[in-house]
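To start, the structure under review is shown below, and the notes come after it.
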Amino acid sequence: MREVRVRFAPSPTGALHIGGVRTALYNFLLARQLKGTMILRIEDTDQNRYVPGAEEYILQSLAWVGIKIDEGVGVGGPYAPYRQSERKPIYMQYAQQLIDSGNAYYAFDTEDELEVMRERLKTAGVALPQYNSITRMQMRNSLTLLEEEVKQLLEAKTPYVVRLKVPRKEEVRLNDMIRGWVMVHSSQIDDKVLMKSDGMPTYHLANVVDDYLMKISHVIRGEEWLPSAPLHVLLYKYLGWEKEMPQFAHLPLLLKPTGDGKLSKRDADQMGFPIFPIDWIDPNTKEKAIGFREAGYLPEALINFLAFLGWNPGTQQEIFSLDELINAFSVERIGKAGTKFDIHKAQWFNQQYLRAKSDEALAEYLLDSLSKENISCTKEKAAKIASIMRERITFPKDLWEHGKFFFHAPTTFDENVASKRWNDDAVKVLNAYKIELPTLATFDAPTAKATLEKVTSELGIGTGKILQALRLSITGAGAGPDLMMVMEIIGKDEVMKRIEYALKTLNVKVA
RNA sequence: GGUCUGUUCGUCUAGGGGUUAGGACACCAGAUUUUCAUUCUGGUAACACGGGUUCGAUUCCCGUACAGACUACCA
């Protein structure tokens with residue numbers, strides 16, 4: 001059986017889109033499952049669109065989500081270089097081969113001449129003017145010009161492109177692993193430019209040549225490539241590489257959460273979720289886009305979420321580690337239809353992965369946040385906080401954001417709760433409780449509770465009636481984790497201080 | 001406009017000629033939690049439409065509608 005070699009081949013034209021990460025993931029899963037090789041190739045044949053830093057960004061993003069590159073940019077390998085701009089000399093020789101075999105030709109038409117041709121055809125009623133088997137005979141190319149003229153133009157260094165000579169009548173067939181047989185008539189394909197006038201190949205040529213040279217066995221890419229796949233098939237055929245042609249799998253697109261259309265950065269911005277794996281600062285606009293990493297998504301959760309966008313194992317299991325994904329993955333189970341991007345599901349996966357962590361691991365997240373705030377805290381205390389906060393967080397940063405009261409006494413109180421729960425009974429109980437606390441030798445959740453119950457029963461007031469008021473004075477809010485545990489963690493002295501402060505500031509308001 | 005691809009609950013999807021069309025997320029309700037969250041239980045909710053083929057179609061075929069992609073010397 002053929003050795004499995006797959007590639008992820010992004011262009012460094014900006015940040016890596018989350019859809020690109022999924023494409024990389026599917027490639028990676030297949031490679032790992034079939035003991036193959038995962039290759040990273042950078043398709044930077046368009047110098048105009050090159051964005052500095054994009055390549056580094058791609059590398060970092062893949063590393064963060066755990067997609068390991070076996071060969072290619074950043075790691076090297078037997079088919080180096082893996083950056084197409086560095087492979088420039090390779091492509092012309094294959095273009096030449098196509099010209100020599102009569103499957104491609106030189107075209108000297110200028111932008112203006114092309115424009116004139118399109119206009120002329122449009123007025124003649126052709127909806128979509130193309131450079132094709134019919135129109136090429138009216139243009140300036142090596143098919144219409146005399147051999148001598150062509151030679152002179154080339155020697156005079158006249159700018160030219162190399163175009164594929166697409167046959168007029170031919171059924172081009174392609175067996176896609178996801179979509180089955182796809183047939184396109186060659187009359188629908190135009191004479192695509194293979195080599196640009198700057199000497200760089202276009203995607204089509206570079207892609208086919210490199211996939212062949214790098215012995216790629218499977219091309220897994222986005223559905224946007226499906227329309228040009230027949231063209232690639234033609235290229236393999238004319239280059240004499242039909243037997244080596246990789247298997248194709250065209251992935252369904254990622255769609256925007258509401259409405260229709262493919263997922264764009266705009267949608268993500270509007271709905272307030274990331275679309276890039278890690279933070280990206282646009283070098284031109286200096287605009288910063290928050291990444292999934294910085295937003296608090298765990299890489300393993302993101303991967304699990306992404307894997308399920310368009311694929312499923314056919315079982316009820318939903319939580320999959322990377323190793324489990326590698327085992328369960330199969331191209332056959334990839335869906336055909338476009339997939340709407342639902343950030344809720346991503347959050348749910350994140351929660352699941354976060355909860356599976358130990359208190360100690362969660363404590364590290366909290367400690368991270370605290371160090372940014374210059375707050376010191378022992379590991380033990382952080383772990384204790386983590387243990388009572390673990391069921392109520394979606395992101396690691398929630399530990400701090402929802403638990404600030406562990407470190408800062410409230411300065412304001414939720415007015416809604418205060419107006420409903422802060423009453424004479426509450427004040428009576430809190431005053432008595434405050435007096436009772438100093439007599440306690442030890443202070444923990446059980447004693448805090450027992451003492452409170454003792455006070456309330458002596459006063460003949462139901463504990464439940466005033467618990468909200470107590471919570472309000474300790475945390476400033478009406479909702480939160482187990483109050484007795486909270487008090488244990490912040491300690492007796494702090495509890496007393498907070499009750500006193502609340503009594504002082506809230507009494508005035510309610511009176 | 002043309003070509004290609006697609007269409008099962010709001011979303012991700014399972015399924016497949018005869019099923020109470022299954023699960024998950026989200027949503028709603030109840031229970032637990034004297035709060036909130038969690039957890040548990042339950043609920044709402046789908047085969048785009050029209051023709052065939054068939055005893056029978058959501059499933060197969062053909063149309064239609066809708067959607068998306070592509071239609072550059074961008075990838």
Side-chain angles (χ1 to χ4, degrees), chain A residues 9-13 43-49 84 107 109-111 114 118 126-131 159-163 174 176 178-180 182-185 187-190 192-204 206-207 221-231 250 252-253 255-262 305 308-319 333 335-349 351 355 388-394 398 402 417 421 462-468 470-472 475 477-483:
Chain A
S11 320
T13 54
E43 310 223 329
D44 55 351
T45 53
D46 186 355
Q47 288 141 342
N48 302 320
R49 294 212 308 158
Q84 288 183 330
D109 315 279
T110 62
E111 284 290 341
L114 289 172
R118 291 188 187 114
V126 178
L128 198 89
Q130 280 190 325
Y131 205 118
Y160 67 88
V161 300
V162 176
R163 285 183 182 270
L174 150 83
D176 187 271
I178 295 172
R179 286 153 217 286
V182 176
M183 272 165 269
V184 178
H185 195 87
S187 62
Q188 300 301 327
I189 305 172
D190 61 345
K192 282 270 181 282
V193 170
L194 264 20
M195 292 295 295
K196 300 184 267 190
S197 55
D198 65 0
M200 277 291 198
T202 57
Y203 171 86
H204 307 292
N207 193 260
R221 79 235 290 194
E223 194 186 357
E224 68 267 27
W225 293 110
L226 192 53
S228 56
L231 172 79
H250 289 94
L253 262 19
L255 273 21
K256 53 179 73 181
T258 54
D260 304 298
K262 68 174 175 182
F305 167 66
F308 271 70
L309 248 33
W311 171 86
N312 77 84
T315 64
Q316 304 285 70
Q317 186 184 348
E318 291 211 82
I319 301 296
R333 294 202 64 88
K336 296 182 195 331
T339 301
K340 285 189 181 163
F341 191 86
D342 184 7
I343 198 66
H344 286 295
K345 197 92 177 197
Q347 289 171 351
W348 178 79
F349 274 112
Q351 254 175 42
R355 282 179 201 170
I388 62 169
M389 294 295 284
R390 63 180 314 122
E391 297 299 329
R392 34 209 329 128
I393 55 170
T394 304
D398 292 344
H402 297 173
V417 181
R421 306 289 180 164
T463 309
K465 286 210 172 118
I466 56 86
L467 205 76
Q468 286 285 79
L470 212 209
R471 178 183 293 284
L472 190 68
T475 70
D482 184 86
L483 187 55

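Only a predicted model underlies this, so the values are computations on that prediction, with no experimental measurement involved. Throughout, a chain's letter reflects where its sequence line sits, starting with A, and its residues are numbered from 1.
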Please figure out whether A/Glu223 or A/Glu43 has its closest RNA chain B nucleotide nearer the 5' end.
A/Glu223
Provide the Watson-Crick or G-U wobble partner of [N], both distances under 3.5 Å; none if there is no partner.
N: B/rA24; result: B/rU11
N: B/rU64; result: B/rA48
N: B/rG30; result: B/rC40
N: B/rC70; result: B/rG2

Could you check whether [X] gets within reach of a base, just the sugar-phosphate, or nothing at all, counting any heavy atom under 4.0 Å?
X: A/Pro252; value: nothing
X: A/Phe308; value: sugar-phosphate
X: A/Arg390; value: nothing
X: A/Leu128; value: base
X: A/Lys345; value: base
X: A/Leu467; value: base
X: A/Met183; value: sugar-phosphate
X: A/Gly314; value: nothing

Is the base of [N] touched by the side chain of [X] through a donor-acceptor pair closer than 3.5 angstrom?
X: A/Lys192; N: B/rA72; value: no
X: A/Ser197; N: B/rC73; value: yes
X: A/Arg179; N: B/rU5; value: no

Does the protein touch nucleotides 41-48 of chain B at the base, only the backbone, or not at all? Give it as B, S and - per nucleotide, heavy atoms under 4.0 Å.
--------
Partners passing side-chain contact (heavy atoms from CB on, under 4.5 Å) against A/Ala229 (at least two apart in sequence or in another chain):
A/Leu174, A/Arg221, A/His250
Decide whether A/Gln351 and A/Thr394 meet the rule of one side-chain donor and one side-chain acceptor closer than 3.5 Å.
yes
Is any side-chain nitrogen or oxygen of A/Arg221 closer than 4.0 Å to OP1 or OP2 of B/rC70?
no
Sequence neighbours left out, what passes side-chain hydrogen bond (donor to acceptor under 3.5 Å, both in side chains) with A/Gln130? Give chain and number order.
none
Using the P atoms only, state how far B/rA67 lies from B/rU8, rounded to an integer number of Å.
15 Å
Name the orientation class of the two ring planes belonging to A/Phe308 and A/Phe349 (parallel below 30°, tilted from 30 to 60°, perpendicular beyond 60°).
tilted
